[in-house]
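Everything on this sheet refers to the single structure shown next.
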Amino acid sequence: MRITNQEIARIFQQIADLLEIQGENPFKVRSYRRSAESLRGLPEEASQLYARGELAQVPGIGASLAAKIEELLTTGRLEYYESLKAQVPAGLVEMLAIPDVGPKTVARLYAELGIETLEQLEEAAREHRIRPLKGMGPKSEENILRGIALYRRRQGRVPYGEAWPQAQALLEALQPQPAVHRISLAGSLRRARETIGDLDLLVATEAPRQVIEAFTALPPVREVLAAGDTKASVLLQSDLQADLRAVAPESFGAALQYFTGSQSHNIALRDLAHDQGLKINEYGVFRIDTEECIASATEEEVYAAVGLPWIPPVLREDRGEIQAAAQGRLPTLIERPDLRGDLHVHSHWSDGTASILEMARAAQAQGLEYLLLADHSRALSVAHGLDADRVRAQREEVAAVNAALPGFRVLHGIEVDILSDGSLDLPADLLAELDLVVASIHGGLRQSREQITRRTIAAIESGVVHIIAHPTGRLLGQREPFEIDLEAVWEAAVRHGVALEINAHPLRLDLTDLACRAAKERGVRLVISTDAHRPEEFAYLEYGVRVAQRGWLEAADVLNTRPADELLALLKP
DNA sequence: GCCGTTTTCGGCCCGACTGTTTTCAGTCG
């Protein structure tokens with residue numbers, strides 16, 4: 001029996017939805033939401049906290065929720081949850097995902113029209129059976145139908161790497177507008193969450209109407225969902241929603257803080273402000289008694305007004321950053337220029353598109369000093385993986401490239417497959433001849449947690465492997481991570497000095513931000529690599545750095561911030 | 001349901017937009 005924090009969080013989230021539909025006390029609902037967030041951000045499994053009797057010390061979890069977690073951990077189910085589910089049809093919860101359809105509406109549709117499913121809701125809207133309800137009208141029916149269509153077209157969120165370029169394009173299109181003083185990303189995009197629900201932009205302007213008109217007329221805009229005096233929402237051709245807020249230049253900092261979130265960070269911050277007799281909204285920080293505004297122009301001022309240093313957006317998840325800021329313990333986050341090399345690069349020797357020289361030149365152009373060539377091994381025949389002979393032949397080309405590219409260094413390595421039985425795809429003596437060896441799992445993904453964990457640890461213990469690549473194998477929106485006991489992997493990695501990769505490919509981002517943070521606390525060595533198959537993909541390093549930052553990593557926590565010789569001495573003593 | 005050197009009870013972040021109203025409830029972030 002194993003229940004993860006994510007699963008508990010999901011159940012609490014569901015309970016919150018169910019209670020909300022039932023019209024329960026909103027603060028009780030919020031407690032469940034807050035505890036779910038708290039659980040998602042936990043660097044440790046709840047089962048371990050439970051074993052130490054420390055569950056109720058987690059912020060937002062008191063006696064009642066601790067008891068519910070205990071019930072889940074020990075019995076695998078939660079009676080309270082089961083009984084709620086028995087009272088509320090499952091379809092009602094799904095209906096909450098439709099924009100503009102909230103718990104009150106869902107409850108009334110059920111009580112007054114007997115609507116229990118998305119299909120029934122759609123039918124009722126088509127047949128104009130919703131407009132007779134008080135507070136409803138033709139527009140409501142229209143919105144519901146449009147919302148359902150959108151929900152079906154695009155379920156869920158898109159990867160950061162897909163959203164970011166689109167947001168950047170909007171930003172660049174609006175920047176030259178004369179009415180735009182300043183413009184910035186906000187929301188989860190500015191915090192660099194791994195997936196993004198919609199694009200948030202913030203503009204400082206004295207002519208908001210003008211900016212909003214320009215925004216809603218941009219070419220990528222397919223449909224205008226709402227447009228007022230201070231904000232507009234549009235649907236892009238890509239089906240992503242983009243929201244723009246326009247604020248006066250003097251309150252840009254307060255608005256940027258406000259709209260960057262996260263929601264739970266802001267709630268915690270306002271709580272702190274409240275204790276000091278202050279109130280924070282998107283216009284500034286105000287004294288509650290006199291209404292005097294004491295900060296608004298910059299984010300630094302806003303944080304300073306409540307006695308804190310500026311907190312980087314990537315940390316604003318209410319995962320201890322406010323306490324850390326108050327105690328002067330915020331990390332000095334790693335930045336992209338700190339990286340000196342890329343430790344996972346492919347060439348056309350396997351499934352890359354470019355020559356070793358082309359990849360090396362591209363890496364150098366990105367300001368890197370070295371790369372580790374890590375083409376696939378023979379088991380990955382679809383990728384034209386290398387056998388022993390081709391590895392040796394490749395060595396000569398690596399030497400030639402190094403001779404041709406002064407000031408840059410290509411390290412010769414390989415991405416060797418960890419086979420289903422835990423052995424490596426190439427002989428140990430051959431691997432030992434290489435500069436560094438990256439190992440990873442590409443097959444046998446459906447094996448049990450025990451098997452996959454054992455395979456990974458076998459590679460770590462092999463004595464010839466230096467880096468484990470994409471340790472969980474997940475592909476965002478396409479493939480769940482495979483079952484693996486990361487705690488056990490970290491323990492073995494620390495013992496053998498093997499590094500784990502933060503794979504910067506926008507669909508992988510593997511390890512995750514949370515895993516980075518937990519791994520760091522356990523003393524695990526980490527590297528950031530692109531897994532580049534094409535020269536352009538060195539730009540992915542930026543995404544990897546974002547993950548690392550969200551995991552509270554500093555430059556010293558990441559091995560490839562070091563010069564090549566130092567790195568080699570550490571990994572291959 | 002959580003939380004507390006002012007509280008174990010009474011608070012709990014805050015405002016904009018929409019669609020429906022004719023002063024507001026619901027939703028959203």
Side-chain angles (χ1 to χ4, degrees), chain A residues 12 15-17 19-21 23-38 55-69 80 95-109 130-144 146-147 186-191 193 196-202 208 212 224-233 241-247 251 254-255 257-275 277-286 288 306 316 318:
Chain A
F12 281 6
I15 291 176
D17 287 345
L19 290 175
E20 209 170 23
I21 291 170
E24 252 288 5
N25 175 357
F27 297 109
K28 182 170 170 178
V29 173
R30 203 181 95 185
S31 297
Y32 277 95
R33 295 243 160 84
R34 180 162 143 69
S35 66
E37 273 308 305
S38 215
L55 268 181
Q57 288 171 31
V58 176
I61 294 178
S64 169
L65 290 181
K68 290 188 170 69
I69 295 172
Y80 180 60
M95 281 160 57
L96 292 178
I98 310 302
D100 299 328
V101 177
K104 297 282 197 303
T105 307
V106 162
R108 288 186 50 211
L109 289 168
I130 292 174
R131 59 181 67 176
L133 268 57
K134 188 169 163 52
M136 295 292 198
K139 274 281 195 173
S140 316
E141 288 172 346
E142 228 173 89
N143 282 341
I144 285 170
R146 191 172 50 189
S188 54
L189 201 58
R190 183 161 180 247
R191 303 200 311 279
R193 273 192 59 172
I196 303 295
D198 54 24
L199 311 181
D200 287 307
L201 299 178
L202 182 72
I212 283 171
V224 179
L225 300 174
D229 289 333
T230 65
K231 71 176 257 192
S233 294
Q241 183 175 324
D243 296 338
L244 177 129
R245 268 98 174 181
V247 300
S251 57
Q257 195 290 316
Y258 183 92
F259 291 118
T260 296
S262 66
Q263 188 127 316
S264 37
H265 173 87
N266 284 357
I267 289 174
L269 195 68
R270 287 201 200 99
D271 223 26
L272 185 70
H274 220 256
D275 294 343
L278 301 171
K279 181 179 85 166
I280 306 179
N281 59 29
E282 61 259 56
Y283 302 108
V285 183
F286 299 85
I288 291 174
V306 293
R316 299 183 196 169
D318 193 23

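Straight-line distance from the CG atom of A:D275 to the C1' atom of B:dT6: 12 Å, rounded to whole Å. We find that NZ of A:K28 is positioned 16 Å from P of B:dC3, with the value rounded to whole Å. Counting to the nearest Å, the P atom of B:dG11 and the CZ atom of A:R34 are 20 Å from each other. In this structure, the CD atom of A:E142 is 11 Å from the C1' atom of B:dG19, given to the nearest Å. The distance between atom CG of A:L272 and atom C1' of B:dG4, rounded to the nearest whole Å, is 15 Å. The interatomic distance linking A:F12 (CZ) with B:dC2 (P) rounds to 9 Å, in whole Å. In this structure, the CZ atom of A:R146 is 11 Å from the P atom of B:dT18, given to the nearest Å. Note: CD1 (A:I267) to C1' (B:dC14) measures 10 Å, nearest angstrom.
Across B:dC17 and B:dC12, the matching C1' atoms stand 25 Å from one another, rounded to whole Å. On the P atoms, B:dT27 is 14 Å away from B:dT20, given to the nearest whole Å. Comparing B:dT7 with B:dC2, their C1' atoms sit 14 Å apart, to the nearest whole Å. The gap from the C1' atom of B:dC3 to that of B:dT8 amounts to 10 Å, rounded to the nearest Å. As rounded to the nearest Å, B:dT21 and B:dG26 have P atoms that lie 14 Å from one another. Of the C1' atoms belonging to B:dC14 and B:dC9, the separation is 24 Å, rounded to the nearest Å. Rounded to the nearest Å, the gap between the C1' atom of B:dT18 and that of B:dT23 is 15 Å.
Residue-to-nucleotide proximity on DNA chain B shows that, of A:A66 and A:I280, the 5′-proximal contact is made by A:A66. Between A:H274 and A:G228, it is A:H274 whose nearest contact on DNA chain B lies nearer the 5' terminus.
For the pair A:S140 and B:dT20, the criterion of a side-chain N or O lying under 4.0 Å from OP1 or OP2 is met. Checking the phosphate oxygens (OP1, OP2) of B:dA16, a side-chain nitrogen or oxygen of A:Y283 falls inside 4.0 Å. For B:dC17, the OP1/OP2 oxygens have no side-chain nitrogen or oxygen of A:S233 closer than 4.0 Å.
Looking at A:E20 and A:R33, a side-chain N of the basic residue comes within less than 4.0 Å of a carboxylate O on the acidic one, giving a salt bridge.
In this structure, the side chains of A:M95 and A:T105 stay at 4.5 Å or more apart for every pair of heavy atoms. Counting heavy atoms from C-beta outward, A:R34 and A:P59 have side chains that approach closer than 4.5 Å. With a 4.5 Å cut-off on side-chain heavy atoms, A:L202 and A:R190 do not count as touching. Contact annotation: the side chain of A:I280 approaches that of A:V306 to within less than 4.5 Å [non-hydrogen atoms, C-beta and beyond].
Across all strands, A:A273 comes closer than 4.0 Å to no nucleic acid atom at all (heavy-atom distances). Residue contacts for A:K279: at a heavy-atom cut-off of 4.0 Å it reaches the sugar-phosphate backbone alone, with no base atom in range. Nucleic acid contact class of A:N25 (heavy atoms, under 4.0 Å, all strands): base.
Remark: A:Q263 CD to A:R316 CZ distance equals 14.5 Å, nearest 0.5 Å.
Considering only residues two or more places apart in sequence or on other chains, A:D229 meets the side chain to side chain contact (heavy atoms under 4.5 Å, CB included) condition with A:R209. With sequence neighbours left out, A:R193 forms a salt bridge (charged side-chain N to carboxylate O under 4.0 Å, His left out) with no residue at all.
Base-pair partner of B:dT8: not found among the strands shown (Watson-Crick or G-U wobble, both distances under 3.5 Å).
When distances run from any side-chain atom of A:K139 to the nucleotides B:dA16, B:dC13, B:dT20, the shortest one goes to B:dT20. Closest to the side chain of A:R30, from the set B:dC12, B:dG15, B:dG1, is B:dC12. For A:N281, the side-chain atoms get nearest to B:dC14 when compared with the rest of B:dC17, B:dC12, B:dC14.
The heavy-atom pair separating A:F12 from A:A36 by the smallest distance is CB-CB, 4.1 Å.
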Contact string for nucleotides 24-29 of chain B, one letter per nucleotide 5' to 3', B = base within protein heavy-atom range under 4.0 Å, S = sugar-phosphate only, - = neither, reads --SSSB

